[in-house]
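To keep things clear, I will list the structure first and then write my remarks on it.
Quantities reported herein were computed from a predicted structural model and do not represent experimental measurements.
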Amino acid sequence: MAAAGLRLLGAVWLLVALLLRLGATAAAEAGQATVAAVDGRRAIAATGEDFVCATLDWWPPDKCDYGTCAWGRAGLLNLDLSNKVLLNAVRAFSPLKLRLGGSLQDKVLYGTADLRRPCMPFVKNESEMFGFTHGCLPLRRWDELNAFFQKSGAKIVFGLNAMNGRVPLPDGSMGGPWDYTNAASLIQYTAYKGYHIHGWELGNELSGTGVGTRIGAGQYAADVITLKTIGDDIYQSNPSKPLVLAPGGFFDPSWFKELIVKTKPNLLNVITHHIYNLGPGRDTNLIEKILNPSVLDGMISTFSNLQGILKSTGTSTVAWVGEAGGAYNSGRHLVTDAFVFSFWFLDQLGMSAKYDTKSYCRQSLIGGNYGLLNTTTFQPNPDYYSALLWHRLMGTKVLATTFNGTNKIRAYAHCARDSPGITLLLINLSGNTKTEVSVTAQAAPAAGAHKHGARTGYTTAQVSVTNQAAAAAAAGEHKHGGRRHGRKFGHAHAPAPGFAAAADGATRDEYHLTPKGGDLRSQVMLLNGRALATGADGSIPRLEAVKVDAAQPIAVAPHSIVFARISHFHAPACS
């Protein structure tokens, strides 16, 4: 009898568990209703026109990490510049900013007349810093690279060797003034040939505690001023003088502040920092980190602190992310070159933009396990399409966006690029919850809001941008003699920014990104359910939106990314 009772109890518990699971599944499928509020009244920050940037590195084919040699012939001295996909991939951005540099940058010599030694390639030598001897850039290769840059329309930032002339100091750092002779010769040759360079960057990862070695901020500031003087002398009659950038290293608050203070107000155009916040590529927990909102939020302090230093020092210097691969030592195959990495990458673009970052350079365009293009086939990896969609849809003005639901949704809004209205980026880190997002606006301040102690000085009015709301508002205004009833609307006579004045049948453009087969490690990205791949002629595929009824919420599937371009969202900041 007792046994029968236990069996019955067990069956009941099994039924309860099954019902709970079915309920959770049904809830996930039904979708979690949430609100994204966008303040279209004023921009909170602005990026540069060509915010998305990518890097090209110096690594030779025998650069290996954890037993894997992931660079192939993607280094600057070996890259096949005749590849059609490579040309089309760069051209598609019109223009794409390219930063040439990396770890071996401070071991590169230039084959100009002053070199007075054979111009030899890098040779593997484990006893040397970074495992290679010095290498040399022959002028004929520099000519070939510039021909490609001109043909593809790329904007070039070139990282100069900042280690020439240094001597070891007792504290383990390197000191003494920069020997600029060889660098100045390359700059002179480049100007003479008429090659357009967007900027010259001094050094790679020598700031703070450094990687490999380090240089003090005071000496670095003096060397930046030297570079500025060289540029002024060589480009004196040129209206488009290249920018001066430094230090291309990891953010160290006191070091960066000293460099900024000693080069203000205008001797350093751009301060560049690098990001590898996920740790080494060999880490088997990378995917868990990428999907963890707390890990992603860990970069906020860096962006915020650097923005604060720039604002408080009275400088015209602006911030760029000069190199960001997420996971160092060449990344990890089927993670940093797969769909899942777009969660990290697009979140980084959105977050950095909020803190006035003017450009964000992804490591790498090609090479390693984090390339936007496959190292051997040149086929675009998922992050290439994520970068291209950002470039085409997100304008320079950043709008404050608040999200009232789960922390698994990341939401960023900008004025739309080359289009009225806004573009909203939604990233769903959850693998089991579909989220339905209604987009609303922050209303204009209600009369007396400030006077009566409103915390922000304005009310948050959920003015839906849907056509339904517009119709309801219009009907209410007519019926009640011009007054709108209900809390959903702000002041009676002035529509809040975001009010949808669109006619019946208004639509918005949506771009839904998912991995092939639902596999986060897939290297094939689906756009609105269609696999993205280059044409037989090496052409980049068209990135086409799906038109959606503006009255419906944005449906963000589990583990997916959505760009929504809402042209009828009235945002004064964007006009």
Donor + acceptor pair across side chains of T55, D57 (<3.5 Å) = no
query = Do the charged groups of D62 and K124 touch, with an N to O distance under 4.0 Å?
reply = no
When every non-hydrogen atom of N277 is compared with those of V295, the smallest separation belongs to ND2-O, 4.2 Å
Is it true that K155 and D50 have a side-chain N and a carboxylate O under 4.0 angstrom from each other? yes
Take atom NZ of K241 as the centre, draw a 6.0 Å sphere, and report whether it contains more than 12 heavy atoms from other residues, nucleotides or ligands.
-> yes
May I ask you to test the N182-N164 pair for a side-chain heavy-atom distance under 4.5 Å? yes
* To do: Would you please indicate yes or no on a ring centroid separation below 6.0 angstrom for Y370 and F341?
  => no
| Is the OH atom of Y180 crowded by more than 12 outside heavy atoms at less than 6.0 Å? | no
*asked:* If only side-chain N and O atoms count, and only distance matters, is there a donor-acceptor pair under 3.5 Å linking D114 with S185?
replied: yes
Checklist entry - So, for W390 and H414, is the gap between ring centers shorter than 6.0 Å? => result yes
Taking N204's backbone N and O only, do any of them form a donor-acceptor pair with D106's side chain (distance below 3.5 Å, no angle check)?
yes
Tell me whether Q150 at atom CD has more than 12 heavy atoms from other residues, nucleotides or ligands lying less than 6.0 Å away. no
*asked:* Do L139 and Y189 make a side-chain contact, defined as non-hydrogen atoms from C-beta onward lying under 4.5 Å apart?
replied: yes
- Do Y220 and W178 have ring centroids that are under 6.0 Å from one another? no
Test ring pair (Phe, Tyr, Trp, His ring centres under 6.0 Å) applied to W142 and F158, step by step:
CA-CA 11 Å; W142 185 227; F158 187 91; 5.0 Å; yes
Using the six-membered ring wherever Trp is involved, compare the ring planes of F345 and Y360 and label them parallel, tilted or perpendicular (cut-offs 30° and 60°). tilted
